[in-house]
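One is the number of the first residue; the rest follow in order along the sequence.
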Amino acid sequence: MFEDNEPRPARGASLIAVIREDLDPYSVEDLQTRIETLEAEVQRCRAAIDGKSSQRNAADALFNFGR
């Protein structure tokens with residue numbers, strides 16, 4: 001069996017790399033594209049939060065039904 005010898009990156013490591021990236025080499029168009037991409041990621045995160053909240057609310061309602 002093949003085992004990966006490389007350590008797994010820490011959770012959030014790629015986000016930290018994006019935040020620390022030097023923006024000077026980017027053109028205005030590149031920066032606008034970057035913003036659009038990041039805004040899409042924010043929306044994806046919000047949708048995930050909404051989904052998790054809905055699941056939690058449904059579980060709470062189920063287990064607190066008789067109270």
Side-chain angles (χ1 to χ4, degrees):
M1 244 179 136
F2 176 75
E3 290 187 28
D4 190 4
N5 293 329
E6 295 293 320
R8 297 182 86 170
R11 187 184 313 202
S14 58
L15 180 60
I16 292 169
V18 167
I19 292 169
R20 292 180 178 171
E21 189 173 1
D22 181 15
L23 300 178
D24 287 341
Y26 288 98
S27 68
V28 170
E29 293 81 16
D30 289 340
L31 291 170
Q32 289 171 335
T33 300
R34 183 182 175 103
I35 289 170
E36 290 168 4
T37 302
L38 291 170
E39 286 174 342
E41 181 62 9
V42 167
Q43 289 303 318
R44 189 174 79 96
C45 290
R46 287 187 175 142
I49 289 170
D50 290 345
K52 288 176 185 270
S53 295
S54 295
Q55 291 173 356
R56 170 101 190 234
N57 290 341
D60 286 346
L62 178 66
F63 291 109
N64 292 325
F65 181 72
R67 294 183 184 167

K.L.:
Could you work out, with side-chain hydrogen bond (donor to acceptor under 3.5 Å, both in side chains) as the rule, every residue matching Glu21, not counting sequence neighbours?
P.N.:
Tyr26, Arg34

K.L.:
I'd like to check the salt bridge (Lys or Arg N to Asp or Glu O under 4.0 Å) partners of Arg44; sequence neighbours left out, ordered by chain and number.
P.N.:
Glu41

K.L.:
For Arg46, check side chain to side chain contact (heavy atoms under 4.5 Å, CB included) against everything at least two apart and list the hits.
P.N.:
Val42, Gln43

K.L.:
Could you measure the distance from the CD1 atom of Ile35 to the CG atom of Asp30? Nearest 0.5 Å is fine.
P.N.:
11.0 Å

K.L.:
Roughly how far apart are Ser14 OG and Ile19 CD1, rounded to 0.5 Å?
P.N.:
9.5 Å

